K.L.:
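Just dropping this structure here.
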Amino acid sequence: MKAVAAGIDEAGRGCLAGPVVACAVILPPGHGISGLADSKALSAKTREVLAPLIKARATAWGLGLVWPRRIDSINILQATFEAMSRAVGALRATPTALLIDGDKTLPSRVLAPHWLAGHHDHCPVQKAIVKGDKTIDAISAASILAKTFRDKLMRSLARRWPGYGFELHKGYGTKAHFAALRRLGPCPQHRLTFRGVAEDTKQTPRRLSLW
């Protein structure tokens, strides 16, 4: 069987609010997409140009999300593994290898349930690649799709939860974000186990629905 690799990356792991979003992408040989790189090294405008091109030319792509309450219950590392596993499980093609940005592969106990929900073959081999988003096209593509999806989602959450500036900092720990937390207290989109979110605030979390 010819090797078919899926590149995997995430966005939002270090944020104080919003989900961690992972993406898996399978690119065909000779995909012809120029300008692929680590999403953080690209401007928002460039990412928005590349994202639909990646979706159009990819053999398959899938997204996986894990929301704040789940992040708080299992920790961000396990949540990232779960989001990546969900993304792999959502692929409409079956990869024979997973190329994962970073220094860790996905634990089989996390990957297997999501893999078996969408694929019939054995779980593929995995390889962790440090800075893979800079060197592997499929990982770069996954980085871009995860980032563009999450940024759009955070803009939507900013309308649902005004006052925190989600549309500007996308949930990262900026001075403005910490100031809003002190003023308003955390909302259900905040990760309460992250340093600085629930501490030093005089207000309890705003008790409204997730959306």
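Model, not experiment: these values are computed from the prediction. Numbering starts at 1 and runs along the sequence shown.
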K.L.:
At their closest point, which heavy atom of D38 faces which heavy atom of S143, and how far apart are they?
P.N.:
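Nearest heavy atoms, D38 then S143: OD1-OG, 3.8 Å.
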
K.L.:
Any heavy-atom pair between the side chains of S85 and V88 that's under 4.5 Å?
P.N.:
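No; the side chains remain at least 4.5 Å from each other.
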
K.L.:
May I ask you to list the residues sharing a hydrophobic cluster with L99, side-chain cutoff 4.5 Å, ordered by chain and number?
P.N.:
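The other cluster members (ILVMFWY side chains, heavy atoms under 4.5 Å, direct or chained) are I129, I136, I139.
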
K.L.:
Heavy-atom distance under 4.5 Å between the side chains of L145 and K55, does that happen here?
P.N.:
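Yes - at least one pair of side-chain heavy atoms lies under 4.5 Å apart.
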
K.L.:
Is the shortest heavy-atom distance from the side chain of V4 to the side chain of T94 under 4.5 Å?
P.N.:
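Not touching, per the 4.5 Å side-chain cut-off.
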
K.L.:
CG of L106 to SG of C123: how many Å apart, nearest 0.5 Å?
P.N.:
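These two atoms lie 9.5 Å from each other.
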
K.L.:
Which ILVMFWY residues can you reach from L168 by hopping between side chains whose heavy atoms are under 4.5 Å apart?
P.N.:
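Members besides L168: none; it forms no cluster.
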
K.L.:
Taking all non-hydrogen atoms of both residues into account, name the closest pair between P19 and L157 and its distance.
P.N.:
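Residues P19 and L157, closest heavy atoms: CD-CD1, 4.5 Å.
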
K.L.:
Among all residues two or more places apart in sequence or in another chain, which pass the side chain to side chain contact (heavy atoms under 4.5 Å, CB included) test with A90?
P.N.:
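Residues passing side chain to side chain contact (heavy atoms under 4.5 Å, CB included) with A90: none at all.
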
K.L.:
Are the side chains of C15 and R150 in touch, meaning some heavy atoms are under 4.5 Å apart?
P.N.:
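Answer yes - side chains close enough.
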
K.L.:
Would I33 end up clustered with V49 when hydrophobic side chains under 4.5 Å apart are linked, directly or stepwise?
P.N.:
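Different clusters: I33 never reaches V49 through Ile, Leu, Val, Met, Phe, Trp or Tyr contacts under 4.5 Å.
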
K.L.:
Work out which heavy atom in P68 is nearest to a heavy atom in G18; give both atom names and the distance.
P.N.:
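Scanning both residues completely, I find the closest heavy atoms to be CG-O, 3.7 Å.
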
K.L.:
Between I74 and L111, is there a shared hydrophobic cluster once you connect ILVMFWY residues whose side-chain heavy atoms come closer than 4.5 Å?
P.N.:
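Cluster IDs for I74 and L111 differ.
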
K.L.:
Any side-chain heavy-atom pair from I71 and S73 closer than 4.5 angstrom?
P.N.:
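The answer is no; the side chains never approach within 4.5 Å.
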
K.L.:
With a 4.5 Å cut-off on side-chain heavy atoms, are T59 and L27 touching?
P.N.:
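Not in contact.
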
K.L.:
Using every non-hydrogen atom in the two residues, find where A87 and A22 come nearest and quote the distance to one decimal.
P.N.:
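Scanning both residues completely, I find the closest heavy atoms to be CB-O, 3.7 Å.
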
K.L.:
What distance separates W67 CH2 from R191 CZ, expressed to the nearest 0.5 Å?
P.N.:
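It is 10.5 Å, given to the nearest 0.5 Å.
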
K.L.:
Does V20 form a side chain to side chain contact (heavy atoms under 4.5 Å, CB included) with E82? I'd like the steps, not just the answer.
P.N.:
CA-CA 10 Å; V20 60; E82 185 172 306; over 6 Å; no

K.L.:
Nearest 0.5 Å, what's the CD1-CH2 distance between I26 and W61?
P.N.:
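Here the interatomic distance stands at 13.0 Å.
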
K.L.:
Apply side chain to side chain contact (heavy atoms under 4.5 Å, CB included) to D133 and K40, showing your working.
P.N.:
CA-CA 10 Å; D133 51 5; K40 295 184 291 296; 3.9 Å; yes

K.L.:
Could you grab the distance from atom CZ of R159 to atom CD of E167, nearest 0.5 Å is fine?
P.N.:
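The CZ atom of R159 sits 9.5 Å away from the CD atom of E167.
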
K.L.:
Under the ring-ring contact (aromatic ring centres under 6.0 Å, His included) rule, what do Y164 and H190 come out as? Steps first, then yes or no, please.
P.N.:
CA-CA 10 Å; Y164 295 99; H190 282 99; 4.9 Å; yes

K.L.:
If you link I, L, V, M, F, W and Y whenever their side-chain heavy atoms are under 4.5 Å apart, who else ends up in the same group as V125?
P.N.:
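None; V125 is a cluster of one.
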
K.L.:
What closest approach, in Å, do L77 and R13 show between heavy atoms, and which atom pair accounts for it?
P.N.:
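Heavy atoms of L77 and R13 come nearest at CD1-NH2, 3.5 Å.
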
K.L.:
For the pair E10 and V21, evaluate side chain to side chain contact (heavy atoms under 4.5 Å, CB included) and give the outcome as yes or no after the intermediate values.
P.N.:
CA-CA 5 Å; E10 55 75 26; V21 177; over 6 Å; no

K.L.:
Between Y172 and F178, is there a shared hydrophobic cluster once you connect ILVMFWY residues whose side-chain heavy atoms come closer than 4.5 Å?
P.N.:
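No; tracing contacts between hydrophobic side chains, which count when under 4.5 Å, never links both residues.
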
K.L.:
Name the orientation class of the two ring planes belonging to F166 and H169 (parallel below 30°, tilted from 30 to 60°, perpendicular beyond 60°).
P.N.:
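Taking H169 first and then F166, their aromatic rings stand perpendicular (interplane angle over 60°).
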
K.L.:
Heavy atoms, side chains only, cut-off 4.5 Å: are L65 and R86 in contact?
P.N.:
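Counting from C-beta outward, L65 and R86 never come under 4.5 Å.
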
K.L.:
If you compare all heavy atoms of P162 against all heavy atoms of L184, which two are closest, and at what distance to 0.1 Å?
P.N.:
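Heavy-atom minimum between the residues: O-CD1, 4.3 Å.
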
K.L.:
Are the side chains of T80 and K104 in contact, using a 4.5 Å heavy-atom criterion?
P.N.:
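A side-chain contact is absent here, since even the closest heavy-atom pair is not under 4.5 Å.
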
K.L.:
Are K170 and D151 ion-paired here, with the side-chain N under 4.0 Å from a carboxylate O?
P.N.:
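No salt bridge links K170 with D151.
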
K.L.:
Would you give the length of the straight line joining atom CD of Q126 to atom CD1 of I100, rounded to the nearest 0.5 angstrom?
P.N.:
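If I round to the nearest 0.5 Å, the distance is 4.0 Å.
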
K.L.:
Output every pair passing side chain to side chain donor-acceptor pair (under 3.5 Å) with a member in residues 21-35, not counting sequence neighbours, ordered by first then second residue.
P.N.:
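Listed once each, the pairs are H31-D137.
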
K.L.:
Please assess L42 against K147 for the test side chain to side chain contact (heavy atoms under 4.5 Å, CB included), listing each intermediate value before the final yes or no.
P.N.:
CA-CA 11 Å; L42 301 172; K147 175 66 173 170; over 6 Å; no

K.L.:
Could you tell me if S43 and T46 have a donor-acceptor pair between their side chains, going purely by distance under 3.5 Å?
P.N.:
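Side-chain D/A pair, T46 to S43: present.
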
K.L.:
Quiz question: by atom type and distance under 3.5 Å, do the side chains of D72 and T193 form a donor-acceptor pair?
P.N.:
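Per modelled atom types, D72 and T193 side chains form a pair under 3.5 Å.
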
K.L.:
Keeping to residues at least two apart or across chains, list the salt bridge (Lys or Arg N to Asp or Glu O under 4.0 Å) pairs with something in residues 92-101.
P.N.:
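Sorted result for residues 92-101: empty, none.
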
K.L.:
V110 and L116: same hydrophobic cluster, using ILVMFWY side-chain contacts below 4.5 Å?
P.N.:
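Same cluster: V110 reaches L116 through Ile, Leu, Val, Met, Phe, Trp or Tyr contacts under 4.5 Å.
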
K.L.:
Roughly how far, to the nearest 0.5 Å, is CZ of R182 from NE2 of H177?
P.N.:
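It is 11.0 Å, given to the nearest 0.5 Å.
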
